[in-house]
Q: 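Following this message is one structure expressed as structure tokens.
Side chains included, hydrogens not; waters and symmetry mates left out as well; all remaining heavy atoms used. What you see is a predicted model; the values in this text were computed from it and never measured. For this chain, numbers begin at 1 and follow the sequence in order.
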Amino acid sequence: MESPCKGYLPADVVQEILLRLPVKSLLRFKCVCKQWYDLIGSQSFAHRHFGHESNQEHLLVRHYRPDDERYAYALYVDETCSEFEELDHLQMPDTVSALMGPLNGVFCVVSISGHMALLNPAIRQFKPLPLPHPNVQPHLSSYDKLLGFGLDPLTGHYKLVSIQYYWDEEMDAPHYPSLVSVYNSGSDSWRQFEDVDLVNSSHCACRSLCNTYLNGVYYWLVEFNDVDVAIIAFDMINEKFQEIQVPDCIKAKEGDLALYGGSVALLLCDLDKIDKCVDIWIMKTEGCWTKSTTVGPFHDIRWPLGFWKNSELLLETGTSFLTLYNISTQNLRTVEARRKENGFFIYWVFSYKESLVSLKGEEDNCQLWDTSSDFVKNFFK
């Protein structure tokens, strides 16, 4: 019988057809013949498939299920956000404390015990990361940690930045400076150093509304001297920090970082007011801010959660509803109304696209992503 790879269609036509297929189908078609196996498994095909117009972005939401009192991850099937699926491979253990990304379809998962891993749920690949082992003096105890997940655009390797804050038991005061650890997926190892200027206990850094990585740089909002605010940026190529100034008006309001229209954005809101407005500031170039718009007032919002499709603002209400506000039409609609009593920030939101990007390296220490497996259960204990 003639091989299905040697049909009447030219190879470039076959490739164009395959690029339009979902990941689930492509994983099955790797078994058709060696030619397809090599093609679908190549990184060049994976990146072309990820960027293809047929591979649409979907809203992924961690929401609360009051019927069985647990969290679940819902993938909305289209842009209307009217229907969702709770797919098995997108569910996370209850002990996941942070989910960062995705970048090219890959998440960084952190457990409450401190274990970290890279995860591509579409191809069921799960790569545990080695734990950093800093040489810390015995009188220092860790009290806080800040993470940033990004890519080195020159190598394509994933990097995870960990800023660890320590308390000096002898001095009964924060230790200066803080310890920075950088994981590189290319070497599957950590590099550690101290930054005495920008990353220290006097700078109170905040986690962003989303994974604020953009064009090789990760951004955090920081407060120092109790009143001053700035942005700390980490360059994933040279692995150095720099400080970026923010608009003066942020000092009078609560603020968070997000990504909007291919730029870093500041969302500012006065939480003391009953009817809250959200100011959206855009950084087009480093340190150059422009106020894009003000949306609202909203009577019952707890906090903005980020943007969806660059035209809608996601909001969590005081009654734990998830709503979408269209900036252009000024239309507000409820996406979810699953109230959790005394709930606070119960939603995590992500823009998710399926990906064929493999996490396997030279050591090939990837595991099968299956939350029912003993390995995954033990990892997230």
Side-chain angles (χ1 to χ4, degrees), residues 22-31 37 40-41 43 46 50 60-65 68-75 85-134 142 145 147-151 156-162 164 181-192 211 348 350 352-381:
V23 167
K24 185 176 181 180
S25 299
L26 291 171
L27 294 179
R28 292 203 308 267
F29 291 163
K30 288 178 73 174
C31 302
Y37 180 89
I40 296 170
Q43 289 300 300
F50 183 78
L60 177 65
V61 176
R62 187 200 76 159
H63 63 184
Y64 184 70
R65 296 184 59 178
D68 47 7
E69 298 183 342
R70 67 179 182 88
Y71 290 102
Y73 291 77
L75 187 72
E85 299 174 311
E86 293 182 356
L87 302 174
D88 289 342
H89 66 279
L90 291 176
Q91 302 311 307
M92 305 290 162
D94 293 336
T95 52
V96 168
S97 62
L99 188 64
M100 296 177 290
L103 298 175
N104 292 343
V106 175
F107 291 94
C108 181
V109 191
V110 184
S111 73
I112 57 176
S113 62
H115 290 124
M116 295 170 281
L118 299 181
L119 168 66
N120 184 340
I123 59 174
R124 313 313 196 261
Q125 282 189 4
F126 172 66
K127 181 178 181 179
L129 306 187
L131 290 175
H133 294 289
S142 62
K145 179 190 290 184
L147 298 172
F149 178 49
L151 271 170
H157 296 153
Y158 289 97
K159 289 188 176 181
L160 178 64
V161 187
S162 170
Q164 185 72 63
S181 303
V182 181
Y183 169 80
N184 188 324
S185 67
S187 61
D188 195 30
S189 62
W190 294 84
R191 181 178 83 89
Q192 295 171 343
N211 198 63
W348 296 351
F350 309 90
Y352 176 68
K353 289 173 67 174
E354 286 190 326
S355 169
L356 287 163
V357 172
S358 176
L359 300 176
K360 292 183 178 180
E362 294 181 359
E363 301 299 325
D364 195 19
N365 61 336
C366 280
Q367 302 289 329
L368 175 66
W369 175 245
D370 179 1
T371 55
S372 65
S373 71
D374 290 338
F375 181 87
V376 174
K377 288 180 179 179
N378 291 332
F379 183 84
F380 284 103
K381 275 186 177 179

Q: May I ask you to check if Lys353 and Phe50 form a cation-pi contact, with NZ or CZ under 6.0 angstrom from the six-membered ring centre and within 45° of the axis?
A: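 Yes, a cation-pi geometry holds between Lys353 and Phe50.
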
Q: Any ion pair linking Glu354 and Lys24 (charged N to carboxylate O, less than 4.0 Å)?
A: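 Judged by the 4.0 Å cut-off on N to carboxylate O distance, Lys24 and Glu354 do not form a salt bridge.
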
Q: I'd like to know whether CG of Asn378 has more than 12 heavy-atom contacts from other residues, nucleotides or ligands below 6.0 angstrom.
A: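 Enclosed.
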
Q: Would you check, one step at a time, whether the test side-chain contact (heavy atoms from CB on, under 4.5 Å) holds for Arg124 with His89?
A: CA-CA 7 Å; Arg124 313 313 196 261; His89 66 279; 3.4 Å; yes

Q: Could you give the distance from CG (Leu356) to CD (Gln125), rounded to the nearest 0.5 Å?
A: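 Result: 10.0 Å between the selected atoms.
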
Q: State whether the side chain of Trp190 and the backbone N or O of Pro130 hold a donor-acceptor pair below 3.5 Å, judged by distance alone.
A: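 Side chain of Trp190 to backbone of Pro130: a pair is present.
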
Q: Look at the side chain of Ser113 and the backbone N and O of Lys381, then say whether any donor-acceptor pair between them is shorter than 3.5 Å.
A: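 A pair under 3.5 Å: yes.
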
Q: Taking atom OG of Ser185 and atom NZ of Lys127, what is their separation to the nearest 0.5 Å?
A: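 It comes to 5.5 Å.
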
Q: Only counting residues at least two apart or in another chain, list the ones meeting ring-ring contact (aromatic ring centres under 6.0 Å, His included) with His115.
A: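 By the ring-ring contact (aromatic ring centres under 6.0 Å, His included) rule, His115 matches Phe379.
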
Q: Look up atom OG in Ser162 and atom CG in Leu147, then write down how far apart they are to the nearest 0.5 Å.
A: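 The distance works out to 5.0 Å.
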
Q: Please report whether the ring centroid of Tyr37 lies less than 6.0 Å from that of Phe29.
A: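 Ring centres of Tyr37 and Phe29 not closer than 6.0 Å.
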
Q: Stepwise, does the side-chain contact (heavy atoms from CB on, under 4.5 Å) test hold for Leu160 with Val182?
A: CA-CA 6 Å; Leu160 178 64; Val182 181; over 6 Å; no

Q: Can you confirm whether Asp88 is buried at CG, in the sense that more than 12 heavy atoms of other residues, nucleotides or ligands lie under 6.0 Å from that atom?
A: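 Count not over threshold, so no.
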
Q: Looking only at non-hydrogen atoms, find the nearest pair between Leu87 and Gln91 and report the distance.
A: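 For Leu87 versus Gln91, the nearest heavy atoms are O-NE2, 3.0 Å.
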
Q: For Phe380, is there any backbone N or O sitting under 3.5 Å from a side-chain donor or acceptor partner on Ser111?
A: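 No: the side chain of Ser111 does not pair with the backbone of Phe380.
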
Q: Ring pair (Phe, Tyr, Trp, His ring centres under 6.0 Å) between Phe107 and Phe350: does it pass, once the steps are laid out?
A: CA-CA 10 Å; Phe107 291 94; Phe350 309 90; 5.7 Å; yes

Q: Which heavy-atom pair separates Tyr158 from Leu359 by the least distance, and what is that distance?
A: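 Heavy atoms only, the tightest pair is CE1-CD2, 4.4 Å.
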
Q: At their closest point, which heavy atom of Gly105 faces which heavy atom of Tyr352, and how far apart are they?
A: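 For Gly105 versus Tyr352, the nearest heavy atoms are O-CE1, 4.1 Å.
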
Q: On a heavy-atom basis, which atom in Val376 and which in Pro93 lie closest, and how many Å separate them?
A: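 Shortest heavy-atom contact: CG1-CG, 4.5 Å.
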
Q: Are the side chain of Arg65 and the backbone N or O of His63 linked by a donor-acceptor pair below 3.5 Å?
A: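 Here the side-chain-to-backbone pair does not exist.
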
Q: Please determine, by modelled atom types, if Tyr183 and Asp188 share a side-chain donor-acceptor pair under 3.5 angstrom.
A: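 On atom types as modelled, these side chains qualify, holding a pair under 3.5 Å.
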
Q: Give the minimum heavy-atom separation between Val357 and Ile123, together with the two atoms involved.
A: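 Heavy atoms only, the tightest pair is O-CD1, 3.3 Å.
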
Q: Answer yes or no: is there a donor N or O on one side and an acceptor on the other, between the side chain of Asp94 and the main chain of Arg70, under 3.5 Å?
A: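 No; zero donor-acceptor contacts below 3.5 Å.
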
Q: Ignoring hydrogens, what is the shortest heavy-atom contact between Ser181 and Pro132? Give both atom names and the distance.
A: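 That closest heavy-atom pairing would be OG-CB, 4.3 Å.
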
Q: How long is the span from the CH2 atom in Trp348 to the CE atom in Met92, to the nearest 0.5 Å?
A: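 Reported to 0.5 Å precision, the distance equals 9.5 Å.
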
Q: Decide side-chain contact (heavy atoms from CB on, under 4.5 Å) for Tyr73 and Leu99; before the verdict, give the C-alpha distance in whole Å, the side-chain angles of both, and the deciding distance to 0.1 Å.
A: CA-CA 11 Å; Tyr73 291 77; Leu99 188 64; 3.9 Å; yes

Q: Using side-chain contact (heavy atoms from CB on, under 4.5 Å), reason through Leu151 and Asn104 one step at a time and then give a plain yes or no.
A: CA-CA 10 Å; Leu151 271 170; Asn104 292 343; 3.7 Å; yes

Q: Tyr71 ring centre to Arg62 NZ or CZ under 6.0 Å, with the angle to the axis within 45°?
A: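 Positive - Arg62 is close enough to the ring of Tyr71 and near enough to its axis.
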
Q: At what distance, to the nearest 0.5 angstrom, does NZ of Lys159 lie from CG of Leu103?
A: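 Here the interatomic distance stands at 13.5 Å.
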
Q: Does Asn184 reach the main-chain N or O of Gly186 with its side chain, forming a donor-acceptor pair under 3.5 Å?
A: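 At least one qualifying donor-acceptor pair exists.
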
